[in-house]
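Below: one structure, written as structure tokens.
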Amino acid sequence: MIKNKIISNLKEAVNSCDLELEKAEMSIEIPHNLEHGDFSTNIALLNAKINNLKPREMAEKLVAVLSKKRDYKSVEVAGPGFINFKLANSLYVSILEEILKSGMNYGSSDYGKGKKVLLEFVSANPTGPLNVVSARAAAFGDSLYHIMKFCGFEPFREFYINDAGNQVDILAESLELRYRELHGERIDEFPPEAYHGEYIKDLAILLNSLEGNKLFHMTEKDRLKKMRNFALEQIHMMQMESLTKFGVEFDNWMSEKKMRKEGILEEALSYLAEAKCTYENEDAVWFASTKFGDIKDRVLIKSDGNPTYLVPDIAYHITKYQRGFDVIIDVLGPDHHAHVSKLEAAIKALNYDPAKLEIVYLQHINLFDQGEKVKMSKRAGKIVTMDDLIAEVGCDAARYFFLDRKPSAHLNFDLELAKKKSSENPVYYIQYAHARISSILKKAKKEKILPTKMDPKVLKKLNKTAELAIIKKMMSFPDVLNTLSDVREPHRLANYVFDLAGMFHKYYSKYKIADPKHIELSQARLHLITAIKNVIAISLQLMGISAPTKM
RNA sequence: GCCCCCGUAGCUCAGCAGGAUAGAGCAACGGUUUCCUAAACCGUAGGUCACAUGUUCGAAUCAUGUCGGGGGCGCCA
């Protein structure tokens with residue numbers, strides 16, 4: 001909003017000076033150094049050449065016009081040709097008023113222009129409890145959903161259930177073995193590819209309590225089918241429960257089994273055949289993906305007649321396109337980037353727009369406890385699950401720690417730190433700022449110095465550097481949200497709110513906020529911290545973290 | 001061999017659609033409480049932004065290459 005104002009002022013000035021703009025995309029920045037003003041632009045550096053001027057000369061011409069505006073305390077040329085703006089205090093006041101008026105809607109916008117966005121995340125195999133990578137995906141996807149919604153996109157959350165295919169058969173067989181064990185059978189060698197986790201034993205016990213030995217009277221085929229459906233259903237419920245506990249919801253659960261029943265695999269295959277990019281070789285059906293940028297051709301139908309995982313994957317993505325999304329975001333784990341070349345090839349082959357598909361890769365997580373890396377082995381069934389983690393550090397800390405890092409970076413998760421209730425732990429530091437403000441407001445209310453309405457004359461009392469800096473920080477909030485909804489990086493919000501909380505704590509310890517001796521000044525400050533509280537609360541809400549009023 | 005991610009303070013990491021003097025937290029050291037929540041604050045110290053070349057008014061940021069770390073490359077999913 002302020003930025004737009006500056007841009008239009010600049011363009012006016014350019015016109016009135018009879019100058020030209022070669023590169024219209026100048027930057028309007030908030031300089032790190034306060035001496036460089038509140039905002040700064042490089043317009044003259046970018047466009048001096050075309051006007052046959054030196055950057056500083058062009059900047060001076062513009063400044064001559066701009067400094068007549070009332071919104072700026074000063075407009076100056078600096079360095080190699082930057083133009084630095086200092087805002088008039090009245091502008092700060094009007095910004096603060098706007099923040100307060102917007103309340104919990106501050107920062108929301110129509111920036112996304114109602115673009116329909118499909119966000120697919122977690123999509124863990126239904127063969128076991130959710131692990132920490134799924135937890136990271138859940139925190140990431142859910143926050144991105146809320147942020148994009150807040151920024152005017154129309155996002156849609158989807159979980160793809162891989163409930164068909166080979167690994168599901170292995171799941172059924174694993175359960176069968178545990179079930180037979182329960183009935184006294186000795187299993188000498190539990191196959192290495194089977195699922196070894198304790199949860200399979202629990203499922204066997206549960207199944208046994210429901211069915212007893214009835215299952216042995218069925219044919220093997222029927223029994224395995226029963227095992228499979230039972231395991232899938234139970235594990236799916238387990239996963240949903242974990243996600244609910246974590247505060248993560250989905251708009252749709254897409255079942256591969258169901259899609260297969262609807263004949264969507266055959267449909268996908270026939271589309272590819274129609275596009276003339278399949279062929280047979282050695283009893284298998286191949287996709288000529290090299291025609292579309294892949295490094296080698298891929299098998300679609302194995303020589304045993306079964307489809308590879310690629311077919312349902314392509315079929316699923318066809319549905320994503322058919323459902324009319326403008327943006328399709330796949331949040332994938334660290335071991336999936338090899339899929340994408342094949343998938344993209346298929347999308348090109350079928351003439352869908354590959355630019356609509358965006359892949360976000362989440363990287364690995366290493367858990368550390370007491371400085372030691374926690375060793376996990378999926379094979380031996382020794383993994384830390386999402387439930388373990390939540391039980392250990394709590395939802396708030398877990399979500400914050402997952403969001404604090406950019407998705408593409410490996411994440412070292414310090415369990416000890418996440419459990420700490422001190423300023424070392426950033427999530428407490430932020431929540432504490434919120435609680436502290438709540439407490440001050442409560443006290444001010446009791447002492448009857450809490451203002452009931454806004455008065456610009458009162459707000460003008462805010463003129464300390466720290467106060468203006470905080471307003472400036474809050475002023476950038478909508479921009480931060482818009483940018484991160486564009487680049488899909490919620491970690492920027494975590495960083496932002498941490499900074500804001502820090503600014504508040506420092507401000508608090510330096511200045512008395514609610515002081516009955518100075519009513520007007522106190523009221524102005526109470527307005528200021530109310531605004532801070534709102535911005536912190538909004539940020540935490542978007543990250544799925546609670547904002548306590550008392551700690 | 002090919003592909004993806006990472007390399008910034010002792011540690012964990014921000015900053016990267018190019019901008020002015022590179023930031024924060026932790027750890028280290030030294031301080032702050034008759035005062036609205038000390039779950040806080042202040043101060044000190046700490047850097048060849050892995051390296052090289054290029055692009056330009058300007059590079060931690062972009063490009064190419066090198067080195068180092070992590071992960072991935074089946075008619076498994």
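The chains referred to below are lettered A, B, ... by the order of the sequence lines, with proteins before strands, and numbering in each begins at 1. Computed from heavy atoms alone, side chains included, the values below leave out hydrogens, waters and symmetry copies.
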| field | Residue A:Phe498, side-chain atoms from C-beta onward, closest of B:rA24, B:rC13, B:rG15 | value | B:rA24
| request: From the options B:rC41, B:rC4, B:rU12, select the nucleotide whose nearest atom is closest to the side chain of A:Lys506. | output: B:rC41
| Pair pattern of RNA chain B in dot-bracket, where unpaired bases get dots and | marks partners in another strand, Watson-Crick or G-U under 3.5 angstrom | (((((((..((((.....[...)))).(((((.......))))).....(((((..]....))))))))))))....
| said: In this structure, how many angstroms lie between the C1' atom of B:rG74 and the NE2 atom of A:His339, rounded? | reply: 12 Å
| B:rG23 C1' sits how many Å from A:Leu500 CG, rounded? | 17 Å
| said: So A:Asn33, base contact, sugar-phosphate only, or nothing? Heavy-atom distance under 4.0 Å. | reply: base
| task | Tell me, please, which residues at least two apart from A:Ser509 pass side chain to side chain contact (heavy atoms under 4.5 Å, CB included). | result | none
| field | Geometric class of the A:His364/A:His410 ring pair [parallel <30°, tilted 30-60°, perpendicular >60°] | value | parallel
| task | Residues of residues 435-442 of chain A with any non-hydrogen atom less than 4.0 angstrom from an atom of RNA chain B: list those, numerically ordered, please. | result | A:Ala435, A:Arg436, A:Ser439, A:Ile440
| said: Considering every strand and a 4.0 Å limit on heavy-atom distances, what is the contact class for A:Ile295: base, sugar-phosphate, or nothing? | reply: nothing
| Is any N or O donor-acceptor pair between the side chain of A:Asp499 and the base of B:rA14 shorter than 3.5 Å? | no
| note | Of A:Gln363 and A:Asp515, the one whose closest nucleotide on RNA chain B sits nearer the 5' end is A:Gln363
| From B:rG15, B:rA77, B:rC36, pick the nucleotide closest to the side chain of A:Arg492? | B:rG15
| task | Could you check whether the rings of A:Tyr429 and A:His505 sit parallel, tilted or perpendicular, using 30° and 60° as the cut-offs? | result | tilted
| said: Quick check for you: among B:rC16, B:rA77, B:rC4, whose closest atom lies nearest to any side-chain atom of A:Asn162? | reply: B:rA77
| task | May I ask you to test the A:Thr308-A:Lys302 pair for a side-chain heavy-atom distance under 4.5 Å? | result | yes
| said: Counting the atoms with a prime plus P, OP1 and OP2 as sugar-phosphate, which does A:Tyr511 contact under 4.0 Å by heavy atoms, base, sugar-phosphate, or nothing? | reply: base
| Which part of the nucleic acid does A:Asn84 contact within heavy-atom distance under 4.0 Å: base, sugar-phosphate only, or nothing? | base
| A:Asn412 side chain near B:rC13 phosphate (N/O to OP1/OP2, under 4.0 Å) | yes
| task | Classify the ring geometry between A:Phe190 and A:His196 as parallel (under 30°), tilted (30 to 60°) or perpendicular (over 60°). | result | perpendicular
| said: I'd like to know if A:Ser40 reaches the base of B:rA20 with its side chain such that a donor and an acceptor end up less than 3.5 angstrom apart. | reply: yes
| query | Of the nucleotides B:rC41, B:rA38, B:rG19, which one has an atom closest to the side chain of A:Tyr508? | reply | B:rA38
| note | With the side chain defined as heavy atoms from C-beta on, A:Lys512 is closest, among B:rA39, B:rU21, B:rC36, to B:rC36
| field | Residue A:Tyr429, side-chain heavy atoms: nucleotide from B:rC41, B:rU12, B:rC57 that is nearest | value | B:rC41
| said: Any base atoms under 4.0 Å from A:Ala514, or only sugar-phosphate, or nothing? Heavy atoms, all strands. | reply: base
| request: Describe the nucleic acid contact of A:Ser303 in one word from base, sugar-phosphate, nothing, applying a heavy-atom distance below 4.0 Å. | output: base
| said: Over all strands shown, is A:Lys420 touching base, sugar-phosphate only, or nothing at heavy-atom distances under 4.0 angstrom? | reply: nothing
| request: Go through the side-chain N and O atoms of A:Tyr428 and A:Asp396 and say whether any donor and acceptor fall under 3.5 Å apart. | output: no
| note | Out of B:rC57, B:rA39, B:rC13, minimum distance to the side chain of A:Arg405 belongs to B:rC13
| Does a donor on one side chain sit under 3.5 Å from an acceptor on the other, for A:His317 and A:Asp330? | yes
| Is the side chain of A:Arg228 donor-acceptor paired with the backbone N or O of A:Ala164 at a distance under 3.5 Å, no angle test? | no
| said: Between A:Lys510 and B:rC41, is there a contact of a side-chain N or O with OP1 or OP2 at under 4.0 Å? | reply: no
| Starting at the 5' end of RNA chain B and moving along, which residue's nearest nucleotide shows up first, A:Glu29 or A:His410? | A:Glu29
| field | Of the listed nucleotides B:rA20, B:rC36, B:rA17, the one nearest the side chain of A:Thr483 | value | B:rA17
| Between B:rA20, B:rC75, B:rA77, which nucleotide has the shortest distance from any of its atoms to the side chain of A:Ala78? | B:rA20
| said: Side-chain N or O of A:Ser408 versus OP1/OP2 of B:rC6: is the shortest distance under 4.0 Å? | reply: yes
| message | So, does A:Lys302 get its side chain near the phosphate of B:rC76, meaning an N or O under 4.0 Å from OP1 or OP2? | response | yes
| Using a cut-off of 4.0 Å on non-hydrogen atoms, how would the nucleic acid contact of A:His505 be classed: base, sugar-phosphate, or nothing? | sugar-phosphate
| Can you tell if the side chain of A:Leu357 reaches within under 4.5 Å of the side chain of A:Ile347, non-hydrogen atoms only? | yes
